[in-house]
Amino acid sequence: MKRREFIKRSGIVIGASAASFLPNVGFAGKRVESMKLLTANASFDPVRPEMGRLITNACKGIGWDIELAAEDYNLGIQKVFKEFDFDMFIVRWTGRANRVDPETFTRMMFHEKGNYNKWGYNNATVNALTDAQQVEMDVQKRRRLIQDTQRILFEDAAASPIVHPSMTNAYREDRLSGLVPQLGEGIGSLWTDLNVSVNSGDGYVRTGQTSPLKNLNPVAVHDSNEFKELRMIYDRLIQVGPDGSIVPWAATSINAVDSTTVDITLRNGMKFHDGKPVTVEDVKFTFDYCLKWKAPFFVSSLEKFESVSITGSNTMRIKLVKPHAPLMINFFAQIFILPKHIWQDIPEKVDVDDVLNFANENPIGSGPFRFDYWDRGKELKVSANKDHFHAPKCAGIIRIAYGSHDAMAAAIEAGECDRTRYILKPSLVQDLNKINGIVGKGYASHGWYGFMFNHLRGPFKDRAFRTALDMVVPRDVIREVVMSGYATNGGSTIAPANEFWHNSSIKSRQHNIKKAREILQQAGYSWDGSDKLLYPS
Amino acid sequence: MSQSPRLEVRNLSVRYQTRGGEVHAVNQVSFDVFPNEVFGIAGESGCGKSTLIRALMRLLPENGVSDADLIQYEGQSLDRMSEKKFREQVLWSKIALVPQSAMNSLNPVYRVGDQIIEAIRNHTSQEKHEARSRVEELFDVVGLESDLMDSYPHEFSGGMRQRAMIAMSLALDPGLIIMDEPTTGLDVLVQERILRRIREIRSHIASSIILITHDIAVIAEMSDRIAVMYGGRIMEQAQSEDLFDTPCHPYTLGLKNAFPSIQKLGQELVSIPGSPPSLLGKQTGCPFEARCPFSIDQCVTEIPKIESLGKNHEVFCFRNTDAPQMREQATSMSTWHSSN
Amino acid sequence: MSLAEKSSGFRSFLRTLREHYRIVHSNPLGRIGFWIVIFFLVIAILAPWLAPHDPWEMQYDKDGNFASLQPPSWKFPAGTTHLGYDLFSQLILATRTTFIIGAVSGIISILIGANIGLFAGFYGGKLDEILMRFTDILYGMPFLPFVIVLIALFGRKLEFVILAIVLIIWRTSARVIRAQTIAIKQRQFITAARARGCSNLRIIYRHILPNVLPLLLLYASFNIAWSIITEASASFLGFGDGNTISWGGMLYELWLSGKTRVAWWWFASPSLCIILLVTSLVFVSRAYEEVANPRLRKR
Amino acid sequence: MALLELKDVTRHYEVKTGLIDRVFRGKPIRKIKAVESLNMVLNENEVVGIAGESGCGKSTTCMIIAGLLQPSSGEVLYQGKRVDQFNTQDQRWYRHQVQMIFQDPYESLNPRFRIFDTVAEGPRALRLWPESEIASKVESMLGSVGLEPGKYGDRYPHELSGGERQRVVIASALVMEPRMVIADEPLSMLDVSIRAGILELLKDLAKKRHFSCLYVSHDLSILGHIADRLMIMYLGQAVEIGPTTEVIQKPQHPYTKALISAVPVPDPRIKRGIPKISGDITRPIDPPPGCRFTPRCPYANHTCSENFLKLDSVQKTNHLAACHRLDVVSHESEMTSMV
Amino acid sequence: MLEYVIRRLIYMLITIFAVASILFVVFRLLPGEATLQVISPAMDDAVQDRMKAAFGLDKPLWQQYFIYLKNLVSLEWGRSFVSAQRVIDILQYRFWNTLLLMASGMCMTLVLGIGFGIIMAWKRNSSIDIGGTIAGLVFQAAPPFVTGLLLLMILSYRLGLFPTGGMYPAGQRPDGVLALLMMPAFWERIVLPTITVGLYYITTPMLIMRDNMLEVLGSDYIELAKAKGLKPSVVMFKHAARNALLGVVTLASIMVGFAIGGQVVVESLFSWPGMGQLMVESAASHDYPVAQGTFLMLAILVIGLNFLTDVWYCYLDPRIKISSTGLA
């Protein structure tokens with residue numbers, strides 16, 4: 001299976017690259033074929049089909065008919081990521097905390113061998129630059145490499161970032177104070193959870209979210225919702241701060257002794273919720289355990305470890321096989337410290353054959369909140385752990401799952417909910433903002449909506465065509481209408497909000513049909529009598 | 001017949017309002033029922049006999065209206081009585097019914113005994129066990145085992161149901177029992193048994209019976225007096241011997257000669273041509289005119305008057321004086337079909 | 001021969017139709033319902049020509065401003081969505097989708113149901129037992145959940161929506177028609193037909209079928225109504241075909257847009273259309289019920 | 001040769017026993033013996049009447065003869081050929097030869113068929129003649145049952161009166177030009193005043209068209225008027241058979257006696273005797289081997305319940321009764337008539 | 001009666017088995033890979049294979065079928081793809097929530113529907129009758145989400161009379177059903193969903209009751225009951241209603257099947273944490289074991305309720321008891 005896929009895929013790549021030497025041979029003078037724009041359907045994300053429709057309509061401007069196909073998310077994912085059978089698609093790259101590190105939006109997406117590069121993009125310069133940044137432990141040097149990469153990706157129109165959406169959140173100003181927004185997370189951040197105080201009632205922050213919580217297993221974790229809940233219960237070694245910087249947490253320091261050696265010093269006096277102390281043994285156990293059970297999110301990082309050794313009562317040293325720059329944010333700021341005394345018996349004592357099948361229905365960690373209960377599909381309740389070194393100011397958090405954005409907005413309006421976590425539909429934020437006692441706002445994020453092309457197909461092999469297409473995207477309308485203004489136009493793959501890594505010299509291309517047609521004309525394209533786009537002859 | 005009648009009916013008419021117009025189901029019907037007699041009403045389908053019963057018991061459907069000059073039960077006027085009073089004081093306690101389809105007249109979801117007990121307790125203050133022993137008594141009278149009381153109607157055969165219905169009608173010793181086709185659809189032997197039972201009961205109760213049936217033979221065996229109905233009117237009314245010996249109305253003649261008798265195997269049967277009249281709209285002549293071989297022009301335009309032919313013998317025909325002649329001609333099939 | 005000519009199948013079919021039309025018309029509600037259904041049918045047929053705008057094209061008002069969430073006006077008789085799509089055009093095109101779903105699943109399901117009912121009822125015995133056990137199993141299938149599961153598994157396509165509805169909905173008509181067939185089978189004219197030498201198929205289709213026809217039409221219109229409601233419900237839950245417009249889908253977009261509390265017109269028009277069409281179908285079937293159930297007609 | 005002969009025809013029905021009763025309580029499958037060991041002959045141009053109360057098996061017998069039911073055992077011979085061994089071709093022929101007239105004219109006409117189609121249905125189903133010939137035959141048939149084809153052909157059954165419908169039923173049977181007609185109580189649902197007309201029609205047509213008739217009824221008075229010979233049945237067994245007048249005037253079997261004396265007479269001056277009979281009719285579920293009348297018979301002794309006297313001599317003039325105690329019965333009835 | 005009940009019970013088990021088998025087939029026919037949801041596209045193939053193995057998706061189909069059947073009986077209904085909880089654990093909590101809402105909806109439907117039906121038949125052709133019929137038909141035509149949304153918009157969003165959804169206030173999960181029933185907040189929250197379900201399903205029993213009543217009122221035994229001089233109310237309720245009810249009960253099983261559908265919509269609309277909501281959620285997120293388990297549970301609920309209506313019918317109609325033992 002794997003083998004066949006590999007052969008199939010390399011066949012396509014070879015065939016495509018052969019063809020790309022002689023662009024459009026065999027197509028000369030023919031109409032540019034109608035293609036499909038794949039999006040998730042409205043039940044998964046209402047915004048994407050709307051964007052898709054606007055882009056579909058706009059493409060008529062350059063004489064190109066495309067068809068919108070709003071597919072079930074899974075089928076779409078399968079088409080793109082398994083079968084590589086697609087023309088174009090719209091994707092939302094969420095601004096997870098770990099994606100503040102530029103690795104995901106550069107190397108993983110555009111390197112020839114990048115995990116996410118399913119669209120056949122292959123540019124020797126980009127390959128070289130992204131390889132270099134991965135092992136570059138000097139941050140400033142790495143920054144320059146990343147900025148060059150961004151420039152080349154933009155000039156080559158490797159993808160067309162549509163907009164960088166803000167995290168649109170709302171909260172009850174009359175009940176909550178001291179909220180701390182975080183890049184990519186808005187007021188749903190851990191820092192809000194820790195610092196918010198509640199002015200009335202029982203002191204619990206009722207937090208609304210439309211997507212249900214799925215899992216409480218810190219080993220099987222892979223969904224951003226799960227990270228958001230588990231980080232309250234479990235401690236990490238470090239945390240990403242509100243501005244994207246690194247904040248010491250369970251580890252008081254993580255030191256790169258050289259490019260392949262990392263020293264960790266653990267905070268003293270931490271206790272798990274059952275009273276047992278947190279030790280370096282637990283941390284080492286966590287690493288070993290996640291490697292042994294191939295924890296989906298962590299295993300690729302752990303495989304870069306050569307050895308883990310305990311060097312003192314609260315210190316340990318990690319040797320790496322080779323330098324790996326994204327490690328800090330992608331791994332140390334993500335992995336949850338497991339209590340060894342509990343997990344060493346799992347899965348054997350809980351009667352499951354794989355730890356991934358373990359539901360962990362009563363999670364015990366050392367984090368700032370203790371687990372109370374989880375009513376699947378409805379709500380999760382955690383209470384403040386007053387013994388924690390960063391004890392929360394509120395009494396606890398109740399995370400409520402709503403059936404729709406509308407219902408959530410109604411609940412906030414009715415005072416049944418205090419704040420939103422993830423996002424609230426932008427148009428609703430506007431509405432809520434008008435109501436007394438409620439604040440609705442967009443908070444900066446480094447995620448983006450991307451319009452991606454299959455570089456192995458038809459006109460997408462041609463940079464001029466891609467550039468023209470990037471100009472067709474009606475960014476202003478999308479920003480104002482679809483996103484209700486809670487977004488910025490997309491240009492670079494790294495958002496302006498991610499100030500450190502963003503290349504500020506890149507400006508997004510303006511929607512300009514006329515200019516797009518000029519570019520096409522210059523590249524040899526023409527139009528037939530009924531104004532349909534023709535390949536260069 | 002010097003006694004005063006138990007039931008007196010004068011000029012009872014019933015009309016139904018239907019989509020097609022007004023149906024005159026019963027017209028100007030008058031009769032008396034005397035104490036302890038069996039008064040038979042004979043007639044074919046659509047002659048209005050069922051409507052007549054419904055009118056007497058005030059069971060007409062919403063679209064039916066009845067009016068009469070007089071309906072009296074033992075001198076008490078029934079037609080002026082309030083709905084409630086009629087229901088409480090007359091129905092079942094004075095006038096009981098043995099309905100046409102005993103098959104469907106018992107409520108399928110209640111035990112037979114309970115349905116009779118219900119009738120008793122509705123009109124008396126008897127305790128349940130008293131009513132129960134009364135039902136046992138009644139079952140005995142009609143020849144049913146008393147443990148059948150606790151059975152459901154579907155567990156009864158046709159004859160048993162009919163007997164249960166008769167038991168129910170006797171429950172309150174009513175002065176008048178109306179029996180609507182009590183033996184129709186039953187086998188000969190069962191029918192014989194039921195009729196015999198009715199005759200036996202008659203000998204020890206004081207009830208009068210109105211027996212309604214299309215079966216001339218049954219009515220001949222059972223009745224003291226007979227009325228023949230056709231097209232919503234009584235055609236002829238007489239003591240039963242008189243009616244059979246000297247029938248005067250052409251319809252009676254036809255009916256009598258159409259009915260085969262097991263005792264006269266060679267006899268020629270007649271059939272009356274045509275079919276019963278539609279009762280829609282106002283009648284202008286004799287309802288039997290269209291099928292009558294003896295009709296004259298007067299029959300079409302004028303409604304005959306009821307003529308009395310001596311002792312309790314009344315006939316609704318212009319040609320009543322020609323009766324002996326008609327009687328002779330009516331026995332031959334050719335009389336009835338020559339005109340067509 | 002004149003009589004022989006008159007008895008030709010098609011003529012008698014037309015006669016039956018006319019008779020049925022008369023019955024529907026004799027009932028005032030049936031009459032209203034009938035004309036409403038016809039009205040929607042005409043709209044469905046002419047939809048592409050009637051719709052003033054592309055249903056997914058942003059509209060601008062006369063000042064050139066983007067027409068988002070406009071209440072009904074002369075320019076936009078049913079108002080616009082938050083993205084400025086013309087709801088009136090959407091409504092008209094959705095009528096077509098709804099009719100396709102209703103008609104296709106209604107007709108297919110009644111064909112399946114009628115034949116299964118007729119055969120099971122007529123032949124009885126083992127065949128009946130097998131077919132009815134199968135129907136019972138379908139009765140164990142919760143309807144809407146089945147539609148949801150099937151669509152979730154096979155994809156949000158109109159044809160799967162119809163398939164899912166058809167697979168389940170015939171069960172009721174099969175059962176009812178079987179019961180009616182059994183009742184008719186026991187009537188003497190069927191024995192008479194057998195005694196005259198009619199084959200089984202001839203008895204089923206020539207003798208029994210015309211007698212279950214009113215019931216068949218009654219359940220056909222029920223099936224159509226149920227299909228419409230089911231499709232709307234599935235669409236509303238997000239299990240509709242997002243690439244075609246349907247009334248349920250329009251309401252779903254409203255629900256998703258979060259403008260429920262603002263855009264009453266967006267809620268009103270598709271809801272009214274669903275209610276109006278389904279009620280009309282039910283009115284027509286109620287009028288039919290009088291034929292199917294002569295006991296009602298007498299009253 | 002006789003037109004139709006029944007030899008030891010028997011028909012059983014199984015009573016549905018609950019699965020649990022059968023498996024766990026060991027109850028056997030029970031049988032209703034609707035018809036048992038019936039022997040009968042129908043000659044050319046003869047009318048044979050079958051009489052009995054409901055449940056006596058007369059309808060089952062009709063269905064078996066019409067080929068609508070298979071006998072459990074025994075043979076039905078039509079013109080000497082076994083009906084159950086007919087191939088498809090023979091079967092069509094038999095359907096053509098043997099016709100049935102049903103009891104209920106309201107039920108036996110398809111309400112959705114026009115009169116013309118109803119009558120034409122038989123010939124059409126068997127494709128007897130070309131359509132034009134069918135049409136002319138149907139029209140002449142309608143005429144001969146007294147229904148004007150132009151007026152009635154286009155109507156639906158509900159537009160007709162009961163008598164007219166029964167004429168349609170007769171027409172639709174006779175249009176097939178049968179040799180034998182089975183009439184199952186064709187008059188019982190009709191008004192008395194028009195019965196004679198139908199009865200005469202049937203008699204008349206039988207003469208003109210030369211068919212034999214098996215006339216089934218519970219009404220002895222009517223049978224007395226039409227049948228040449230009479231067979232009395234009780235719970236699936238033939239108890240008496242003979243020429244009509246003899247059976248009615250000199251009944252021999254105690255059941256026949258009871259039955260005849262129970263028939264009411266339309267004359268208030270005639271008083272009938274009281275039938276000597278007790279108990280109710282039961283269903284023939286697993287009956288004892290003997291005469292089924294035994295439990296109700298005042299003359300019965302142990303022989304009666306042990307074996308049944310089959311009526312197998314069925315000659316035209318024979319008057320036979322299936323009774324072991326005929327001597328006692330006739331003696332006693334003489335005694336009572338003297339009293 | 002016992003015979004009848006046992007036979008129904010056997011049919012019920014066969015039906016459940018058949019539904020389960022159909023489900024297995026349907027779920028194995030699905031296009032796309034079930035594992036996709038759990039597995040990030042970025043994961044390498046080895047990890048994906050391991051997850052497949054963890055969920056038992058790597059065995060041959062027939063083997064999976066037998067494992068499936070065995071597990072079905074032993075209540076091992078698998079684990080959620082997303083939460084790894086045992087499906088049966090998730091369901092047993094959801095089951096009661098659904099049953100609660102359904103029971104209250106059905107009570108409203110039956111009590112009011114049958115009551116109105118009797119009244120409408122009694123006052124035939126009056127404005128109550130005609131108005132009731134039209135209103136009923138309109139309610140029946142309005143899909144539950146339309147009614148529900150309307151109620152929500154007016155009573156909850158605009159007037160603020162009722163909470164917007166859920167079963168209890170946030171953070172106050174009660175311990176067990178009894179504690180839940182003691183909460184006033186619960187009763188506040190069950191009103192709107194109950195009305196929504198009730199309004200949608202009230203029409204069937206109402207109109208059927210009316211029609212049956214009219215039919216029964218024309219029957220001979222009602223005429224006899226009237227002739228016995230019984231009060232109109234006694235005739236109406238004791239004699240007519242009980243017989244007319246039989247027809248409603250036969251239809252109850254069909255209603256139950258449809259009611260489950262309405263339930264799904266209503267639960268989703270009012271965030272009611274029942275099986276319907278779970279169904280939608282798990283189907284949308286391709287959590288197949290949960291979707292499958294929920295469907296099966298809903299099916300068992302429908303089949304079970306059908307069984308109960310059969311038994312109820314048998315209790316109400318004495319004719320059934322006999323015919324089932326073959327005496328009639």
Side-chain angles (χ1 to χ4, degrees), chain B residues 42 44-47 157-160 183 185-193 195-196 214-224 226 230 239-245 251 254-276 291 333 336-337 340, chain D residues 51-56 146 160-164 187-201 203 218-227 234 244-245 248-249 255 258-275 277-283 296:
Chain B
E44 296 180 285
S45 54
C47 72
S157 71
M160 285 154 81
T183 58
L186 298 178
D187 280 322
V188 188
L189 283 166
V190 182
Q191 173 181 326
E192 194 275 339
R193 176 110 43 98
L195 293 177
R196 186 144 39 97
H214 69 276
D215 192 328
I216 307 291
V218 168
I219 221 161
E221 267 190 19
M222 300 290 296
S223 316
D224 301 317
I226 297 172
Y230 183 81
Q239 296 289 343
S240 47
E241 286 86 358
D242 290 350
L243 193 86
F244 277 87
D245 291 348
Y251 178 64
L255 213 53
K256 184 176 173 249
N257 291 321
F259 211 91
S261 166
I262 198 164
Q263 307 252 342
K264 301 173 193 161
L265 286 183
Q267 159 206 28
E268 188 189 6
L269 296 179
V270 305
S271 78
I272 307 174
S275 43
R291 301 172 74 185
M333 189 73 151
W336 294 87
H337 290 269
N340 295 27
Chain D
E53 294 177 285
S54 52
C56 74
L160 266 57
S161 73
E164 287 165 338
L187 301 184
S188 68
M189 307 295 283
L190 300 179
D191 272 335
V192 179
S193 63
I194 55 172
R195 280 185 190 175
I198 305 283
L199 204 59
E200 286 307 319
L201 176 72
K203 264 181 168 172
H218 69 278
D219 189 337
L220 281 165
S221 348
I222 285 177
L223 283 172
H225 279 86
I226 187 168
Y234 183 76
T244 307
T245 35
I248 288 181
Q249 283 164 3
Y255 175 67
L259 201 60
I260 287 170
S261 65
V263 177
V265 182
D267 189 341
R269 297 189 193 278
I270 296 175
K271 297 292 172 213
R272 309 180 266 119
I274 295 168
I277 194 167
S278 59
D280 263 336
I281 198 164
T282 48
R283 294 176 76 203
R296 300 175 72 185

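Below, read A as the first sequence line, B as the second, and so on, with proteins coming before strands; counting in each chain starts at 1.
Contacts of D:Ile248 with chain B are made by side-chain atoms alone, with heavy-atom separations under 4.5 Å and no backbone atom involved. Residue B:Asp245 touches chain D through its side chain alone, counting heavy-atom pairs closer than 4.5 Å. Only the side chain of D:Ser161 comes within less than 4.5 Å of a heavy atom in chain B; its backbone stays farther off. When heavy atoms are compared at a cutoff of 4.5 Å, D:Glu164 does not approach chain B at all. Residue contact with chain D, scored on non-hydrogen atoms closer than 4.5 Å, involves the backbone of B:Val270 exclusively.
Of all non-hydrogen atoms in B:Gln191 and D:Pro264, the two that sit nearest each other are NE2-CG, 3.5 Å. Considering all non-hydrogen atoms of both residues, D:Asp191 and B:Glu44 come closest at CB-OE2, 2.9 Å. The two residues B:Phe259 and D:Pro266 have their closest heavy-atom pair at CD2-CG, 3.8 Å.
We find the OG-CG distance between B:Ser240 and D:Asp267 to be 10.0 Å, quoted to the nearest 0.5 Å.
Annotation: side chain to side chain contact (heavy atoms under 4.5 Å, CB included) contacts of B:Ser271 (sequence neighbours excluded): B:Met333, B:His337, D:Ala196. Checked against salt bridge (Lys or Arg N to Asp or Glu O under 4.0 Å), B:Glu221 has the following partners two or more places apart in sequence or in another chain: B:Arg199, D:Arg272.
Note: B:Leu189 leads B:Val188, B:Leu269, B:Leu189 in heavy-atom pairs under 4.5 Å with chain D. Heavy-atom pairs under 4.5 Å with chain B were tallied for D:Ala258, D:Ser221, D:Gly162; the largest tally goes to D:Ser221.
Counting heavy atoms from C-beta on, the side chains of B:Pro260 and D:Arg195 never come closer than 4.5 Å.
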